[in-house]
Structure formats: structure tokens, C-alpha cells
Amino acid sequence: MTGTPRTLAEELRTRTDSGLVGLLRARPDLLNPVPGDVTQLATRAGTRASVVRAVERLDRFVLQAAEALAVAPDPCPYDTLGALMAGDAGDPAVAAELPRAVAELRAQALVWGPDDRLRLVRTARELLSPSATHPSPTGLGPTVAEAMAGMSPGRLQEIIAAAGLPTTHDPVTAVAALTGLFSDRSRMAALLDTAPAESVAVLDKLLWGPPYGGVTDRPAPHLQWLLDRGLLIAAGARNVVLPREAALHLRGGRAHHTPEPVPPALAPATERDPQLVDNAAASQAFTALATVEELLKEWDLGGPAVLRAGGMSVRDLKRTAAALDTTEQLAAFWLELAYAAGLIASDGEADERFGATPAAEEWLQLPDHERWAALAAGWLAATRTPGVVGTADAKGRALAALGPHLDRSPAPEVRRRALSLLATLPPGTSVPAAAVRSRLRWERPLRSGAAAGQAPAVGRTPSAAAAVDGATGPAGSAGSAPDPVDDLRSRLARWTLTEAELLGVTGRGALSAHGRALIDATSHTTADPTPADTGAAAARAAAVLAPLLPEPVDHVLLQADLTAVAPGPLHRPLADALGVLADIESKGGATVYRFTPASVRRALDAGRSASEVQEFLSTHSRTPVPQPLAYLIDDVARKHGRLRVGAATAYVRCDDDALLSEILADRRAATLRLRRIAPTVLAAQTAPDQLLDGLRAMGYAPAAESAAGDVLIARADVHRTPPRTAPVPVPDGPPSPDPTLLTAAVRAIRAGDLAATAERKPVHAPAPVSGALPRTTSAETLATMQAAVLTHSALWIGYVNADGAASQRVIAPVRVEGGFVTAYDHTSDEVRTYPLHRITGVAELADDSV
């Protein structure tokens, strides 16, 4: 195609295949479904929902360029755009970056046309152009022509006369004359030199926006001076507006108060020894593993009940926080982390409760670095956001941990990008969280402010109009960089940095070596990483982390105060056994276990004898078993099992009838409703488990027994949910297409465009309406097909499939027989067979069409 393109579709046809691939990769929503031709592609690229999504993903400077085009004449020469961005004084940084911005807008099909006629697509112009109800970040108001629309011709002539212009014969030339005056730097400066100082002060109030101001019924003389010359134009009964051309003159030609051609720097930077950072991160990674393990152990007998609306109650969250010795917000993070990794879930029973999954058992058996990799992979890809727990949803209901409505689809992208920014710094270097958030806001200034199908929140609300009658009024800058706001993207970035520190991805604010391995594999790809990519990156990070984690130890140090000190992380079997025999008293570099009568009885209930407990401690302690601990074990064992509880409703039996008499005489046993039915047997009207708990609360050590009289061994790790999968992340829009899909889509679009635009030879039939299917008789269709087989020529056909969908195709017939034509279909790039009765008509193509 030659000459200047007249439409976006014509420009897209001139693009190379790689150019179309770039467009479809940047805007994957255009691929669903694959457009039939370039015209459909251009039409879809101009729809409101698609344009909004594309605009949301522009960085601040590219967005500023689009906003400047929205207030510029249409079409806009490149030099005019440069003047709007850099102003009359010029700006080398803006001049250097503006070609990139225009190229980005072109690549995303938001701008088309040559440099001397740049056109912003109509939908983008509607979104970004200023209006009374939709202000622009530029702070500019309507043009003179727009503001004076509907003004009486007499009033127009009065204004141009007061401005020193000759009167005209019609409103159009009057508006053009006033526009020319405001756009002429020298004449406009001369006019403002005659303005009262108070009038200039009013213009300063409206200069950077909002451009609207309020006036009284009788404006002051300095306001009337502005109104008489069109420097302020009535915009309602009590409002005035500063016209765009006048504002641009006062601004020195700049559309924005502060153009931002380069992203804010990641500063100030703090440098630390990378080894210290790695050690700190590894230590925190180990703490994260211990915390999740403790959570699973806490829920061994079953977790809290699931609310009817889903999630945990506030009371259960507080209990979990107390058990983990942390805050409720951090407890929500650990819960969601384990949930994202598939370690906890609801059991799905009628009386639904949370619990550990079978996958948790497998996870507990893995080496520490592999367990960390599973947590890191789940966290990086999760869209569930624990930071919103406790806040209210759209209906005012509090969001619960592990409940619904916690998904925030931008979360994975924000996590990866925040960590990628840290990865650009030298190893061991950290920057304040505010610097990371500032960079993310520059990269996606609108991302969290608009939803698909809605106009982006690109400006201030039209709330405030300056009170230009008085001496006060807002003196802000609508075009300047917005004040830092705590929008969703900023909060996600803040939560990411906090969670990365808790998980051990970062240490002392800097990205660790294993954190760098975690993010480097996925931060440089054009497509969103797949779960397999994330898992592979986490495995590589785990390999880096492994040497940094402490080696497990196989011994403890028993002390005379009934404690045992583990000088490091214990091997899994030893930790499990010691966790039954003793209670954890404190954690840290060394874990302290305390032996109590209840903990020793717990080990005896689990099937160990006193001698086995003594032997276990002797084997795994570097110090002799202290005498107080040996006495404690023997004393609990001597009492353990003397009482036997079984099921009648329940009963207690004991060979020592004096002990049973003692229990009957104890007032605390009244609630158990015991009665003697034999010298060595007491019957109870309570369940066996309640009877066991009651007797233990009284200080006895009963043992449960089976119907055969054998002691029942109670184990604590028996409750697991049925097999559960980890929650599936909620996608943030359509997935990024892979190269194979992009190549096939471009081929299909090109083929469809060929079918739609190929030049046809005239047929002996009424000329078809543009875009309609060709129409020929059955005999003409058959004859033309047979001739095309002999001459090896291509044909244009109309075809209606079995579902009734009509389409146009370009085919090269190979064989015609049995009511079918076999042909190479240029549209689908494959050989296909078509029933002749479904072909509506046929026409030959011009010789150079294919």
C-alpha cells in the first residue's frame, strides 16, 4: 500500500508481521477471538474496553504524551506535540524520550499516522480529553471554540472588540480570530500587559487546574475585565472557565506542569555486605518454615470451623495468632501462605472445618530448602492477598482469613515487578519502600484506578472550582505528579516488601542471592511466567538457599530444670518424637523444650513405656538424664494406666478400690456422675473422652482401653482433610499468548484480510453490496470451479457453514467431484473440502491479487 494511511486499519496493513505480533503481545485481549482480518483487528483495537486496558498499562511519560495529544489539534504534527511536552523553553530529557513514547503509542495502536499527522484513536481521545465532568491531568479546559459554543453572536462581537480585534460577520470567524489571538505569543503578551494585577492573579489560580472557577452574579471589575476579553468564558450561571489556548500561553506552551520523561530513581541506596544479607534472609526463611510447621502442628487434631460465608472467624484468627505468638495480621499471612502452597484447606464435611491436607505430610518430609521452595512458588503466583484481611468489602462486610473475595489479580505482577526492581540493584543494596512504590506508580499510574470498561481515573474530580471572586482558591497543580496515594498497587507493593522479608526472599531490605535466583528466571520474559516457570525458578532459588540453612542436629542437651535445649534445628524424626514428649517453651537460635507431667503422660498415651522414654532421652542427649527428669518419668508412669476408662456409656476400673473410693468422695467428680457398680469399677453417665479429660483435670492419669481391655494408644497426628489442590490464581485479564499462537493469529489475520480485500474480476451478476457474499447460480459456481482447477487460479467465494455462519474466503481449487470441491484455503492456510451447495457464489480474482 502506498501513500498516507487514511485509517488505523490501513496503517495496520502496512505493518510487518513482527509489528502485528508486537501489538497482539502488548494487547492480548485483541486475540479473543482471533480477528478475521485487519479491519476487525483495527475495530477491536478501538473499542472502549480494549483502549482502557491499554491506557492503564502505559507508563507515566507515555501517558502524558497521550494526554497531550488529546488536547492537541487532530491530526497533530510531531513538532506540535514536542512543544506541548517541553514548552517554549524546551527540555532535552523530554526531547530525548518523546520518540520512545510515540513509538510505544504506535506499537499499541493508540496512535497512527505519519509524524506530520499523528492521530490519537478516537476512543482514547474521548477518554483523555478534558471536559466539565471528566477533568484531565493536564489541568487544561475546553478550547475557545468549545467554550463559546452556543454564545450569542452579539456577545461574541463584544468580546473580540474588547480584545482589540476587528469585528466579523459571523460567529465562526469571530471564534477563529480570538483563537488566533490567544495562540499568538506576542499579541497575547501585549494584551496581558494591559491587564490589572488582580486579573492576572485570578488567571494564576486557574493556570494549572482545575480550569473552572466560581463567580457571583455581579463579578468584580478585575473579573469583568477578563470576561469581556474572553480570557474567562462563562460556563454556566455562576461558573467560568479558562480557555485552553489562553492557559497554554500562560504556561509557556506546556501541557503538563511537570513532565516525567524518566522514572524516579531507586534512592537513597544503602549498601551492606551481601553475605550478611544472605544470612539474614536464610535465617528468616528457616523461621518461616518453623512457623508454618507450628501452624500445621496446631491443627493436627483439626482446625477451626469454617464460617457459613467462608473463612475463619475473628476469634479463631486471634487464637491462631496467640498460638503462633504473632499479630493477627501476620497470622493471616502465614495462614494464606500455607493455603497458597496447598498445605491447609477445608475438609468439606457437613460440619466443615479447616485442617492440614495430605500434601502437608509430604511437605514435612522434604528437606528444608525444598520446603521453602514450595512456599516461595505458591506465594509468588498467588492472587490471594492477606493484607486485605479485616478490611471491608463493597458491601461493608469484613473480609475473613481463608475466606472468599481476597483475590487481587494484579498481585503476582506487582510482586514480580517489585522484586525485579530490587534485582537491578547491586547485591546487598536496599532502598526505602517508598522509592519502590514511587517507581511502580510511574510505571503504571492508572493501573489500579480503573476497571475494564470504565474510564480511567485520569484526573481530579470536577469537584472544586476556584473561588475566583475572592482572594482565596486552590493553588495546586493538576498536571503535576499526583501526591502519593495508598491505592491498591501501592498497598500491594508495600505488602510485597513486608512479606518478602518474612519469607526470607529479602534480608534487611535487600534482595538475597536466593531471592535473586527466584526472580531472575521470570523477570525478563515477555509473557507471564507459567506455574512451571515459577516452580523451576523456586527450585533454583532453593539450591542457592540450601548451603545457607543450618544443618540439622541429632541431639539435645538435657538440663536439671526439666528442660532440653536443641542447639539447632533437629532432624525431623527427633523433632516429632520430642514434640510429643515435651512442650516447646521458647524458640530462636536454640529451641528450649520443657518436660511436664502432662507432656510425659502424652508420650505414654502414644504407646511408649517409661523405659523406652528413658532410653530415647539417653540416646539423643549429650548430657546424662538428670535425676529430676528420671523421677518425673517414673512417677507419671507409675500412676499411668492404674485407672482404665472404657465405653459402657463410660466406666472406670481400677484394682485399687481405695483409689476409686477417693474419686467418688472428690467433689470435683460430681459433674462426671459416677457410681460404683463393683468394688473395682465405677460407671459414668458421660462420654469416655469427657471422662478422661475430667479425671486428668483432677490430677489422675487414666488410660483409655478398648472393648477387649487393651490400652488404646492415642496419636495426635490423625486428622487430615481429603486430598485438596492449592487455590487457582485469578488471572489479571487474558493470558499472554505464546509465540506459536501469535504466529498463527497473524497468519490467519493476513489470510482473512486477503480474502476481504482481494480485487475481484466482474461477474455476470448484479454487483454485490460492499462486504456482502458473492452470489452466483449453482451452474456458474460449478463451471467456474472446474475452470479454476484447469488454470490453477484462485477464487473468491462466499461460504455458509453448518452453523449458518457466513464468511468470505480465497481458495485455489484442486479437485471438484461428488458435489465437493477440494481446495487450498488461503484464509486458513490449509487444504480443505467444501460442499458445493454451501457456496453462495464465486468470483475470479485479479491476476495480481494472490
Side-chain angles (χ1 to χ4, degrees), residues 275 277-300 324 333-334 337-344 356-382 499-507 511-522 531-556 566-580 584 587-591 593 619-620 717 720 723-726:
Q275 190 61 47
V277 169
D278 293 346
N279 291 338
S283 175
Q284 187 55 46
F286 184 78
T287 301
L289 295 177
T291 304
V292 174
E293 183 180 341
E294 184 177 356
L295 172 63
L296 297 177
K297 186 177 297 185
E298 184 71 19
W299 286 8
D300 268 345
L324 299 180
F333 165 70
W334 296 119
L337 179 66
Y339 183 47
L343 305 182
I344 60 174
T357 65
E361 288 292 340
E362 300 175 5
W363 181 81
L364 288 170
Q365 304 306 317
L366 294 174
D368 287 345
H369 61 282
E370 294 184 16
R371 292 197 291 149
W372 180 86
L375 296 180
W379 171 74
L380 196 60
E499 293 167 2
E501 194 79 12
L502 290 171
L503 191 52
V505 176
T506 60
L511 194 64
S512 62
H514 49 279
R516 200 172 294 270
L518 176 68
I519 199 63
D520 279 352
T522 58
D533 295 333
T534 303
R540 286 190 286 272
V544 178
L545 173 64
L548 302 174
L549 293 174
E551 288 291 335
V553 298
D554 60 356
H555 64 276
V556 295
L570 299 175
H571 282 288
R572 173 64 47 200
L574 176 57
D576 291 342
L578 196 58
V580 176
I584 296 178
K587 299 177 182 179
T591 304
Y593 293 84
T619 302
H620 295 96
D717 53 348
R720 290 291 181 263
R724 293 285 188 265
T725 57

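What you see is a predicted model, and the numbers here were worked out from it, not measured in a lab. The residues of the chain are indexed from 1 along the displayed sequence.
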Review point. Ring pair (Phe, Tyr, Trp, His ring centres under 6.0 Å) with His620: which residues, sequence neighbours excluded?
Key: Phe616

Check your understanding: Hey, is CD on Gln365 packed in by over 12 heavy atoms from elsewhere, all under 6.0 Å?
Key -> yes

Review point. How close do Ala341 and Ala374 get, heavy atom to heavy atom, and via which atoms?
Key: CB-O, 4.1 Å

Practice item. Mind checking ring pair (Phe, Tyr, Trp, His ring centres under 6.0 Å) for Trp372 and listing every partner two or more places apart, or none if nothing turns up? Key: His514

Exercise for review: Using a 4.5 Å cut-off on heavy atoms from C-beta on, say whether the side chain of His555 contacts that of Pro567.
Suggested key: yes

Exercise for review: State, with a plain yes or no, whether a side-chain heavy atom of Leu570 is found less than 4.5 Å away from one of Val553.
Suggested key: yes

Practice item. Please report the shortest heavy-atom distance between Pro569 and Glu551, naming the atom on each side. Key: CG-O, 3.8 Å

Check your understanding: Which pair of non-hydrogen atoms, one from Leu296 and one from Ala360, has the smallest distance, and what is that distance?
Key -> CD1-CB, 4.0 Å

**Study point:** Distance (rounded to the nearest 0.5 Å) between Ile519 CD1 and Leu511 CG
**Key:** 8.0 Å

Review point. Okay, side chain of Ser512, backbone of Val505: is any donor-acceptor separation there less than 3.5 Å?
Key: yes

Review point. Taking Thr291 for the side chain and Thr287 for the main chain, is one N or O donor matched with an acceptor at less than 3.5 Å?
Key: yes

**Study point:** OG1-CD distance between Thr357 and Glu362, expressed to the nearest 0.5 angstrom
**Key:** 8.5 Å

Practice item. Please test Asp368 against Arg371 for salt bridge (charged side-chain N to carboxylate O under 4.0 Å, His left out), starting from the C-alpha separation and ending with a verdict. Key: CA-CA 5 Å; Asp368 287 345; Arg371 292 197 291 149; 2.6 Å; yes

Check your understanding: Out of curiosity, Arg540 CZ to Arg516 CZ, how far, rounded to the nearest 0.5 Å?
Key -> 15.5 Å

Review point. So Glu293 and Leu343, side-chain contact (heavy atoms from CB on, under 4.5 Å) or not? Walk me through it.
Key: CA-CA 10 Å; Glu293 183 180 341; Leu343 305 182; over 6 Å; no

Point to revise | Heavy-atom closest contact (Gly342 atom, Ala359 atom, distance) | key: O-CB, 3.7 Å

Review point. Taking all atoms of both residues into account, what is the closest heavy-atom pair of Ala340 and Gly378, and its distance?
Key: CB-O, 3.9 Å

Study note, to complete from the structure: All heavy atoms of Leu502 vs all of Ala288, minimum pair found to be O-CB, 3.7 Å

Point to revise | From CH2 (Trp334) to CD (Glu499), nearest 0.5 Å | key: 9.5 Å

**Study point:** Straight-line distance of Asp576 CG to Leu364 CG, nearest 0.5 Å
**Key:** 7.5 Å

Review point. Going from CG on Leu518 to CH2 on Trp379, what distance comes out if it is rounded to the nearest 0.5 angstrom?
Key: 7.5 Å

